[in-house]
Amino acid sequence: MQRVTAGPPWALHDIAAIRRIESAAALGLPPHALMQRAGLAVARLALALAPHEPGVWLACGPGNNGGDGLEAAWHLKAWGRSPVVTWLGDEQSVPADARASLERARHAGVVFTDTPPPRCGLAIDALFGLGARRPLAGRAAQCRDALATLAAAGTPVLAVDLPSGLDADTGTGEQPVRADHTLSLLALKPGLFTAQGRDAAGQVWFDDLGVTASEPASAMLSARPEPVLRPHASHKGSWGDVAVVGGAAGLRGAALLAARAALHAGAGRVFVAPLQASGEPTLDPFQPDLMFRDPEALDLPRLHIVCGCGGGDAVRAVLPRIISSARSLVLDADALNAIAADASLGKLLRARSGRADRPSVITPHPLEAARLLQLTAGEVQQDRLSAARKLVEAFGCVVVLKGSGSVIAAPGEVPRINPTGNARLAIAGTGDVLAGMVATRMARGQAPFAAACDAVHAHGELADHWPAGETLTAAALARSIAPD
Ligand SMILES: NC(=O)C1=CN([C@@H]2O[C@H](COP(=O)(O)OP(=O)(O)OC[C@H]3O[C@@H](n4cnc5c(N)ncnc54)[C@H](O)[C@@H]3O)[C@@H](O)[C@H]2O)[C@@H](O)CC1
Ligand SMILES: [K+]
């Protein structure tokens with residue numbers, strides 16, 4: 001069993017792949033073996049989480065997720081604990097494996113009750129796992145509410161395989177169980193790490209039940225970036241030139257944030273090309289290293305461009321030239337809104353996909369993604385991985401779909417879900433900082449997909465390591481970037 005932490009590139013499998021892995025593994029094992037391993041793993045983790053509390057309540061559903069819970073109860077009883085089970089199954093329709101575990105638990109003298117105990121040392125959610133495809137209702141919803149009441153009183157909640165009611169593929173669900181810990185069995189699921197998954201699952205643990213996955217990963221958790229060695233014999237030209245085009249009147253800050261982020265991330269030179277800026281000062285007094293230019297004067301084929309941050313409507317006019325000519329391109333915010341409103345810009349972006357030397361990355365949040373796909377933001381959030389894939393199909397570029405568990409997708413690549421970051425990033429300007437970080441990585445010569453994955457990971461880690469009690473603002477975030 002392993003604790004899932006941000007760092008290694010964990011493989012994720014969708015429901016269809018897990019069902020195939022399960023069938024292949026079962027062929028070589030005696031009946032009930034996988035559930036026995038699952039129940040043992042759950043019981044071990046339960047013991048580790050509440051070593052001094054004998055009372056454990058297990059809410060067990062009608063299928064094999066409930067069977068895992070019953071099997072765990074049997075172990076806990078054998079180890080001298082006091083498990084109490086609420087079982088929602090039906091004697092007539094219980095699956096064979098779950099029946100075997102039910103009988104073991106009954107014969108061992110595990111207590112069964114219809115009503116949850118008022119208190120216990122640990123509560124285990126074994127209501128539904130992979131089979132949950134509809135909202136919890138009736139007694140299952142009552143158990144979910146009882147788990148919430150216990151959690152509010154300080155009882156840790158451990159979910160078996162998935163928080164019940166959470167969709168393993170998408171991380172969506174209507175009021176899923178909220179767990180402090182989730183033990184994912186056989187394979188890790190994408191839904192634990194995106195959309196509502198992170199809030200519902202708490203700390204994720206993984207036990208492969210002794211089975212090597214016989215299926216390719218459906219997605220991966222992106223790994224911590226490798227540090228980049230900066231050779232002593234390098235100069236500012238070695239680290240690339242980033243130019244930020246945006247910051248229309250009243251929105252200057254967004255462009256400055258992206259530019260400062262690019263500078264702190266280690267670009268060799270950073271230019272700012274504000275839109276509608278005639279007669280304004282051409283200096284950022286807090287960051288005098290930034291060089292100001294007229295957007296029309298930029299040598300685009302040499303430059304790694306960030307476009308859109310605070311672009312307003314004015315960005316529309318400069319986009320055709322930028323999309324056609326920029327050396328590399330990160331498109332954010334108003335640039336994406338302009339593309340959503342004008343199919344000819346989308347065609348220009350798509351045309352870049354034929355040129356490996358002209359990479360492009362788009363960084364929409366869910367509403368911008370929805371505009372690009374002509375969906376609602378709710379529809380995008382309903383299946384974030386598939387929304388990111390659709391954007392890749394539409395524009396042929398690297399896509400960063402921001403939000404809890406940002407998804408990074410690209411042509412020919414297994415999609416990544418980013419495991420870092422927290423709600424402190426849910427403020428204005430942090431997306432501009434991210435755009436500057438992605439562009440800098442491309443300016444330094446990284447391939448666009450890796451640049452996007454690494455920048456998103458590093459951006460999230462800044463928030464994860466933010467000092468307690470200090471406010472995270474986008475400007476402070478940009479300043480805190482340390483080039484690696
Ligand atoms: N796949 C495997 O190899 C293994 C699976 N195991 C466990 O088995 C689970 C999957 O078991 P099942 O396929 O039996 O599915 P579940 O136990 O998740 O659900 C059982 C059934 O409940 C019904 N159901 C779903 N949502 C409901 C709702 N909201 N209200 C009422 N009924 C609902 C569905 O018809 C579903 O088939 C996994 O998540 C895991 O916990 C483990 O035993 C280890 C091995
Ligand atoms: K569960």
Side-chain angles (χ1 to χ4, degrees), residues 1 13-43 45-46 57-74 86-90 93-102 104 123-144 147 157-169 172-189 191-192 197 200-202 204-215:
M1 185 187 313
H13 290 86
D14 61 22
I15 297 173
I18 295 173
R19 297 286 193 198
R20 289 193 295 272
I21 295 170
E22 174 198 358
S23 305
L27 287 177
L29 289 169
H32 199 224
L34 283 176
M35 188 169 286
Q36 289 177 15
R37 294 178 187 180
L40 180 59
V42 172
L45 183 55
W57 177 51
L58 300 102
C60 296
N64 287 325
N65 192 255
D68 292 349
L70 291 161
E71 186 69 17
W74 176 72
T86 300
W87 184 57
L88 306 189
D90 170 357
S93 57
V94 58
D97 283 352
R99 172 176 294 287
S101 293
L102 176 66
R104 263 144 88 101
I124 297 186
D125 157 31
L127 291 168
F128 301 104
L130 289 180
R133 301 300 266 187
R134 57 182 187 274
L136 304 187
R139 291 183 70 204
Q142 284 167 8
C143 284
R144 187 247 346 261
L147 288 165
V157 174
L158 165 61
V160 176
D161 206 21
L162 282 164
S164 297
L166 189 79
D167 185 288
D169 286 348
T172 59
E174 204 176 290
Q175 267 194 284
V177 165
R178 282 182 83 116
D180 301 292
H181 298 266
T182 295
L183 174 55
S184 185
L185 300 165
L186 205 62
L188 287 169
K189 291 93 186 154
L192 293 169
V204 178
W205 302 78
F206 173 48
D207 196 308
D208 66 7
L209 307 182
V211 174
T212 306
S214 49
E215 291 282 322

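We count ligands from 1, going down the list as the structure has it; atoms in each ligand are counted the same way. Excluded from the calculations below are hydrogen atoms, water molecules and symmetry mates; all remaining heavy atoms, backbone and side chain alike, are included.
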>> Out of E174, R134, H32, E71, who is nearest to atom 35 (O) of ligand 1 when you count heavy atoms only?
In response: R134

> What closest approach, in Å, do A140 and L127 show between heavy atoms, and which atom pair accounts for it?
Replying inline: O-CD1, 3.9 Å

> Which heavy atom of the protein is the closest neighbour of atom 6 (N) of ligand 1, given with residue, atom name and distance?
Replying inline: D68 OD2, 3.6 Å

> What heavy-atom pair brings A17 and D14 nearest, and what distance separates the two atoms?
Replying inline: N-OD1, 3.0 Å

> Looking at side-chain heavy atoms only, is the closest gap between S184 and K189 below 4.5 Å?
Replying inline: yes

>> Check for me whether L136 has a heavy atom closer than 4.0 Å to any atom of ligand 1.
In response: yes

>> Below 3.5 Å, N or O to N or O, backbone or side chain included: is there any such pair between M35 and ligand 1?
In response: no

>> Determine whether any protein heavy atom is located less than 4.0 Å from atom 21 (C) of ligand 1.
In response: no

> What do you think, any protein heavy atom under 4.0 angstrom from atom 30 (N) of ligand 1?
Replying inline: yes

> Measuring to the K ion (ligand 2), does T182 have an N/O/S atom at a distance below 3.4 Å?
Replying inline: no

> Any idea which protein heavy atom is nearest atom 19 (O) of ligand 1, and the distance to it?
Replying inline: F128 CD2, 3.6 Å

> Taking all atoms of both residues into account, what is the closest heavy-atom pair of A126 and G69, and its distance?
Replying inline: CB-CA, 3.7 Å

> To which protein heavy atom is atom 36 (C) of ligand 1 closest, and what is the distance rounded to 0.1 Å?
Replying inline: G131 O, 3.9 Å

>> Test of understanding: given a 4.0 Å heavy-atom threshold, classify the contact between P135 and ligand 1 as side chain, backbone, both, or neither.
In response: backbone

>> Give me the atom names and distance for the closest heavy-atom approach of L188 to W205.
In response: CD2-O, 4.5 Å

> What's the shortest distance from atom 17 (O) of ligand 1 to any protein heavy atom, and which residue and atom give it?
Replying inline: N65 N, 3.0 Å

>> Which of the numbered atoms in ligand 1 are under 4.0 angstrom from any heavy atom belonging to G63?
In response: 14 (O), 17 (O), 20 (C)

> Tell me, do V42 and E71 make a side-chain contact under 4.5 Å, heavy atoms counted?
Replying inline: no

> Any nitrogen or oxygen of L185, main chain or side chain, under 3.5 Å from a nitrogen or oxygen of ligand 1?
Replying inline: no

> Should one rank V211, L186, L209 by closest heavy-atom distance to atom 44 (C) of ligand 1, which comes out on top?
Replying inline: L209

>> Does any part of the side chain of T182, heavy atoms only, come nearer than 4.5 Å to the side chain of P163, both counted from C-beta?
In response: yes

> Short check: any N/O/S atom of L162 below 3.4 Å from the K ion (ligand 2)?
Replying inline: yes

>> If I take the K ion (ligand 2) as the centre, what angle separates the OG atom of S164 from the O atom of V160? Nearest 10 degrees is fine.
In response: 170°

> Can you check whether T86 reaches Q142 side chain to side chain, under 4.5 Å on heavy atoms?
Replying inline: no

> More than 12 non-hydrogen atoms from neighbouring residues, nucleotides or ligands closer than 6.0 Å to CD on E215, yes or no?
Replying inline: yes

> Out of K189, R19, E22, R139, who gets a non-hydrogen atom closest to atom 10 (C) of ligand 1?
Replying inline: R19

>> Restricting to N, O or S, what is the name of the atom of D125 that lies nearest the K ion (ligand 2)?
In response: O

> Which of these, I18, D68, L162, sits in a side chain to side chain contact (heavy atoms under 4.5 Å, CB included) with L185?
Replying inline: D68

> Within a strict 4.5 Å, meaning less than it, do heavy atoms of the F128 and L136 side chains meet?
Replying inline: yes

> At their closest point, which heavy atom of G165 faces which heavy atom of A132, and how far apart are they?
Replying inline: N-CB, 4.0 Å

> Where is the nearest protein heavy atom to atom 11 (O) of ligand 1: which residue, which atom, and how far?
Replying inline: N64 CB, 3.3 Å

> Is there a donor-acceptor contact under 3.5 Å from the side chain of N65 to the main chain of G131?
Replying inline: no

>> Suppose I only count heavy atoms of L130 and a 4.0 Å limit; which atoms of ligand 1 are within that range?
In response: 18 (O), 38 (C), 39 (O)

> In terms of residue, atom name and distance, what is the protein heavy atom nearest to atom 26 (N) of ligand 1?
Replying inline: A132 CA, 3.5 Å

> Quick one: does F206's side chain get under 4.5 Å of L192's, heavy atoms only?
Replying inline: no

> atom 18 (O) of ligand 1: which protein heavy atom is closest, and how many Å away?
Replying inline: G129 N, 2.6 Å

> Side chain or backbone of I21 under 4.0 Å from ligand 1, or both, or neither, by non-hydrogen atoms?
Replying inline: neither

>> For atom 38 (C) of ligand 1, what's the nearest protein heavy-atom neighbour? Residue, atom name and distance, please.
In response: D161 OD2, 3.1 Å

>> One thing to verify: whether D207 and R37 come together as a salt bridge, which I'm taking to mean a side-chain N less than 4.0 angstrom from a carboxylate O.
In response: no

>> At a threshold of 3.4 Å, where the distance has to be below it, does the K ion (ligand 2) have an N, O or S atom of F128 nearby?
In response: yes

